[in-house]
Number of protein chains: 2
Amino acid sequence: MIAIVNSERCNLDNPLSALPGYTLRRAAHAMMAELGLRLAPLGLRVADASVLLLIEGRADMTSAEIGRILDIQRANMVPLLARLEAAGLIERRALNRKSQAIVLAAAGKAAQDRLHRVIAQFEADLLARIAPEHRAHLVPALNALWTP
Amino acid sequence: MIAIVNSERCNLDNPLSALPGYTLRRAAHAMMAELGLRLAPLGLRVADASVLLLIEGRADMTSAEIGRILDIQRANMVPLLARLEAAGLIERRALNRKSQAIVLAAAGKAAQDRLHRVIAQFEADLLARIAPEHRAHLVPALNALWTP
DNA sequence: TTGTAATGCTATGGATAATAGCAACATGAT
DNA sequence: ATCATGTTGCTATTATCCATAGCATTACAA
């Protein structure tokens with residue numbers, strides 16, 4: 001009984017909302033849906049946006065390296081980069097006869113600017129939903145859950 | 001510069017790990033993969049487990065009601081419950097000529113006990129990865145992100 | 001130079017989830 | 001009692017994401 005009272009703001013009709021794993025899943029799902037909606041007007045998917053943010057200011061990252069950092073398989077990088085290239089947002093720049101750097105194209109810079117604004121607003125709105133005393137703890141806690 | 005120094009424990013090679021949205025996605029993905037591994041020996045998927053936990057001690061919940069709470073479409077409840085029923089973990093009990101309650105079968109009780117142990121260990125291991133000063137803030141912060 | 005590993009790619013399959021539609025039934029208002 | 005409306009459980013289909021396996025080419029190190 002005391003435990004129920006202490007678990008702040010848990011959904012009365014959902015006994016699972018006290019479980020970190022369950023709340024993590026639900027929060028991530030809600031967040032992704034919302035972010036997807038906000039990125040749609042830019043013609044970007046969430047994975048697309050993460051690539052654009054990652055290659056910011058760099059002209060030496062290969063597809064494989066991007067995938068390694070973002071945890072996207074090389075095979076799945078292919079349609080993703082094809083999409084960005086078809087949209088004129090990125091270009092490929094040969095490093096070797098084997099590797100190629102993914103660099104921002106001219107139109108990509110403008111997209112990146114719009115993206116920065118959307119992301120900044122999104123992250124601000126995200127944090128605003130969290131009670132002030134919890135806010136600063138979220139990112140460190142989450143990073144501890146997936147960083148090796 | 002100060003911001004970078006202040007953002008504790010951010011992956012040096014991943015500028016996105018300072019973003020709440022990104023860390024949320026990565027943490028949820030890592031968590032789900034780990035949980036899937038731990039549930040596999042029980043022959044359960046994550047969604048299956050959430051249903052078993054939800055109907056605990058209740059004999060009056062319909063498929064539609066379970067789906068409403070767990071945010072699973074009615075159409076997608078069908079194969080899920082068929083799986084649990086084929087495994088002998090649940091039974092259907094007519095409430096109406098239209099509705100039927102999903103109740104735990106005999107074998108389901110044993111599965112639920114095993115499940116409780118796995119979940120308890122899993123949640124404990126999850127929280128153990130988080131620095132003590134952040135721990136208590138995680139669930140409240142996450143719940144704020146998806147609770148209406 | 002030769003074995004090993006990495007790159008970029010094709011092809012494919014599994015799992016999840018979203019949509020549309022349907023017959024049967026419940027429910028509340030008239 | 002009846003009628004409009006909403007709900008239930010289901011079928012069927014589709015989109016999307018993600019994982020695996022395999023392949024030709026190239027880099028790299030012993």
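Per chain, numbering begins at 1; letters A, B, ... match sequence-line order.
A donor-acceptor contact shorter than 3.5 Å links the side chain of A:T147 to the backbone of A:N143. A donor-acceptor pair under 3.5 Å links the side-chain atoms of B:Q112 to the main chain of B:L52, judged by distance alone. Side-chain atoms of B:D60 never come within 3.5 Å of backbone atoms of B:A101 as a donor-acceptor pair (strictly under, hydrogens ignored).
Along DNA chain D, read 5' to 3', the first and last nucleotides having any atom under 4.0 Å from a heavy atom of chain A are D:dC17 to D:dA27. The nucleotide range of DNA chain C contacted by chain A, defined by atoms under 4.0 angstrom from heavy atoms of the protein and reported 5' to 3', is C:dA6 to C:dA18.
Each of A:R97 and A:R83 was assigned the nucleotide of DNA chain D with the nearest heavy atom; the assignment lying further toward the 5' end belongs to A:R83. Mapping B:R74 and A:Q73 onto DNA chain D by nearest heavy atom places B:R74 at the nucleotide closer to the 5' end. Between A:Q100 and B:N76, the residue whose closest nucleotide on DNA chain C is further toward the 5' end is A:Q100.
B:R83 approaches B:D48 most closely through the heavy-atom pair NH2-OD1, 2.6 Å. Shortest non-hydrogen contact noted between B:R135 and B:A128 is NH2-O, 3.9 Å. Heavy-atom minimum distance, B:W146 versus A:S17: CZ2-CB, 4.0 Å.
Near DNA chain C, meaning a heavy atom under 4.0 Å from it, residues 20-29 of chain B has no residue at all.
Using cut-offs of 30° and 60° for the angle between ring planes, the B:H137 and A:H137 rings count as parallel.
Nucleic acid contact for B:A47: none, since no nucleic acid atom lies under 4.0 Å from a heavy atom of the residue.
Ion pair B:R38/B:D125 flagged as a salt bridge, since at least one NZ, NE, NH1 or NH2 atom sits closer than 4.0 Å to an Asp/Glu carboxylate oxygen.
The shortest distance between side-chain heavy atoms of B:L39 and B:E34 does not fall below 4.5 Å. Annotation: side chain of A:L35 is not in contact with side chain of B:Y22 (no heavy-atom distance under 4.5 Å).
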